[in-house]
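This report refers to the structure that appears directly beneath it.
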Amino acid sequence: MTAAPPDLECRAVTKAFADFVAVRGVDFSVPAGSFFSILGPSGCGKTTLLRMIAGFADPSSGEILIKGRSMREVPPNRRPVNMVFQHLALFPMMSVGENVAFGLRRRKVMPAEITRRVEDVLARVGLAGMSGRRIEQLSGGQKQRVAIARCMVLEPDVLLLDEPLGALDLKLREHMKVELKKLQSEFRTTFVYITHDQSEALVMSDTVAVMNHGVFEQVGSPRDLYFQPATAFVAGFVGDANRWQGRVEALSGNAVSIRTEDGLVLRAHAADGALAASDAVAVFVRPEAITLSREPAAMLGLDTGIAATITGILFNGANSRALVKVAGQREFEVAIPQTGAFAGLSVGDVVHLGWRADQARAYRAPRP
Amino acid sequence: MTASPAIRRITLALLLAPLMLWLGLLVVIPHIDMLLLSFTEKTGVRQYQPGLANYRTFFVEPVYWTIFLRTALMSILATLLTLVIGFPVAYFIAKLARGRSKAFLFLLCLVPFWVSELVRTFGWMILLRETGLVSGALQALGLVSGPVELLYNDAAIMVGLVYTSMLFMVVPLITALDSLDDSFIEAGYDLGGSGWSILREIVIPHAMPGIVSGSIVVFMLSLGNYLTPVLLGGKDSLWFTGAIYTQFITRFNWEQGAAFGMLLLVLSSLIVWLGLKLSGQTLSRTVG
């Protein structure tokens, strides 16, 4: 492995505004050719971070490096990054070809060369021969591809994407996720993608950073985030989870026994370091991690096993859930495996539920 | 609505009535009268016959078409100057100013129009006349040895025209620039554009409808302005509206005045049409 610098590196980047801090000491690096996502709820500072990378805002402190070169004092039009804007910002007064050629014209490329490269990049995004079209004649998916082509024709070191799929309808969004991932692996360009949609981040990314209140809560592969969330925020934000508040009753190492506020006793894994007895904790169990059975015997070998009554069925195809309730306690959700075995499940049935201790993750409760 | 067709027709008629009355009584009927008048020749005392003599006068007498040409060129220049000065103002208000300062700046553009045009023009006279403020200041600074007359020249007319027209340029420009999303400008920078190339390729094409409609209004207002050229330009102002005034009021030659009025209407429409053709715009796109 040579010591090539990462395509993008942020060192302790902070952005403070007059009345709040939008980004607080963010450190990360993105290796060449990877798909890096920043996932967070709106207002978490991800857009501010992206705008600092693009050069539209200056960090209050810290440094941004692209291919090892500091971007301090480098204006946006001189940075080797390009951005796909949230609403794409395709110039409506220009044709598709003129949009794509805009950056090349600025670089004083010869007209014949521009035509060749525009046609070439349009072909690569599947829009061959469309350069004469007007922007308003394109479909939503085609506009996305023009926006990407307009950046990629400039061969940037890093392509920034600011929630470009947000405005699309569900079906097209699902389709574009796959397409974006494909385009990224074809172009082999580093993509930095920001979104509040976890599924976009999980499906497309090599690495995802979960951001909240201006800091990175966790940086890891989509699997890591899903199976080993480092903080309570990540556990609650990435994927769905049932959440209980409770106190530690007993513990040995990382295995803890927890009594929830409404009296449920469950075994869990202490996910953020050592806990002590009677510590307040939040426990997260994913609906799809819960084993559902009509037979109590199926719970043998699981660390937590409870019997509950079905109070509701939320049918949603593959994502169907059952609402279940143990008498006197709060309802929670359990995924229904669509193998056919539970097709007859109905409200009032008594079912047996269980999960392994490492599928219930306990975090020290944030102080109220 | 469940109203019967008859009621709906009456409602529509009532809604359109004020507009129709205004257009009919104040625009259409006088113009028809003017048109008929302009084709009437005076052959003797209270003796008239139809003819083209009044129009012939305009083209045969160099003084008249020269005055018209001068008025048109000065108006075009005033329009261009207003655009060049108004564009940065509109850009600042629409794109750079935020919140309260935006409303405040816009109000500042509006404030002069709370005072009548006559008073505003007298204001310029107070500044520019021989014993005026500018002349006095120049003398006090020792830049000139005696009083300077800054009134009664073309520059004074130009200043007055640009000043009077500014709002009518700035408002359509603000409207046009307001609708330009900031991300277009940012995308331009992101793709390597410089400020100048973004202005030329993104901002100006986007603002074109505003530029065209503002320019048409300013051009027409300047061409049809009477007060400013007469007061700031003096009797040598040679403005075409002045020539019309002379025919109607001084010479009492209504037939000639009507012909000049018609020529002003037709020729100015022709110039606007030419301007639209040259800039590749259409009226419907500007208005729509």
Side-chain angles (χ1 to χ4, degrees), chain A residues 47 50-57 71 74-95 98-109 114 118 121 134-135 143 146-156 158-164 166-167, chain B residues 83 87 90-92 94-102 172-215 276 278-288:
Chain A
T47 301
L50 199 74
R51 291 177 62 82
M52 286 193 284
I53 298 170
F56 297 123
M71 286 295 117
V74 180
N77 52 0
R78 303 232 177 281
R79 292 192 181 199
V81 296
N82 288 114
M83 181 152 156
V84 175
F85 285 78
Q86 188 162 20
H87 300 292
L88 306 179
L90 296 175
F91 306 131
M93 53 295 248
M94 301 179 198
S95 70
E98 286 167 339
N99 262 283
V100 178
F102 183 86
L104 294 174
R105 284 205 305 275
R106 299 284 78 73
R107 290 186 183 176
K108 310 263 184 283
V109 178
I114 291 181
V118 167
V121 79
R134 302 220 53 86
I135 295 301
K143 283 182 189 163
V146 173
I148 291 164
R150 187 173 74 170
C151 293
M152 295 314 297
V153 77
L154 299 173
E155 293 165 354
V158 179
L159 181 69
L160 308 173
L161 300 103
D162 181 7
E163 305 202 40
Chain B
L83 179 62
F87 197 88
Y91 189 84
F92 187 86
K95 294 269 83 141
L96 303 177
R98 292 271 172 265
R100 285 166 66 115
S101 65
K102 184 172 181 157
L173 283 179
I174 289 179
T175 315
L177 289 171
D178 244 346
S179 66
L180 177 69
D181 199 288
D182 287 346
S183 67
F184 288 124
I185 296 167
E186 285 182 348
Y189 277 115
D190 187 67
L191 295 167
S194 60
W196 167 243
S197 63
I198 290 167
L199 181 71
R200 195 167 41 100
E201 292 204 36
I202 299 166
V203 178
I204 290 180
H206 179 90
M208 212 51 187
I211 293 173
V212 170
S213 58
S215 297
L276 286 171
L278 286 177
S279 64
Q281 298 293 313
T282 62
L283 201 58
S284 59
R285 188 136 48 104
T286 304
V287 178

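Quick note on labels: first sequence line is chain A, next is B, and so on, each numbered from 1. A quick note: this is a predicted structure, and the numbers were derived from the prediction, not measured.
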Options A:Gly103, A:Pro75, A:Ala89, ranked by heavy-atom pairs under 4.5 Å with chain B, top entry | A:Ala89
What pair of heavy atoms forms the shortest contact from [X] to [Y], and how long is it?
X: B:Glu186; Y: A:Phe56; answer: O-CZ, 3.2 Å
X: B:Phe184; Y: A:Leu90; answer: CE2-O, 2.9 Å
X: A:Phe85; Y: B:Ser183; answer: CD2-CB, 3.8 Å
X: A:Arg106; Y: B:Gly192; answer: CB-O, 3.7 Å

Hey, could you give me the [atom1]/[atom2] distance between [X] and [Y], rounded to the nearest 0.5 Å?
X: B:Asp190; Y: A:Arg150; atom1: CG; atom2: CZ; answer: 8.0 Å
X: B:Ile202; Y: A:Phe102; atom1: CD1; atom2: CZ; answer: 4.0 Å
X: B:Glu201; Y: A:Glu98; atom1: CD; atom2: CD; answer: 8.5 Å

In terms of heavy-atom proximity below 4.5 Å to chain B, should A:Arg79 be classed as side chain, backbone, both, or neither?
-> neither
A:Met83, part contacting chain B, at a heavy-atom distance under 4.5 Å | both
Atom CZ of A:Arg78: over 12 foreign heavy atoms under 6.0 Å | no
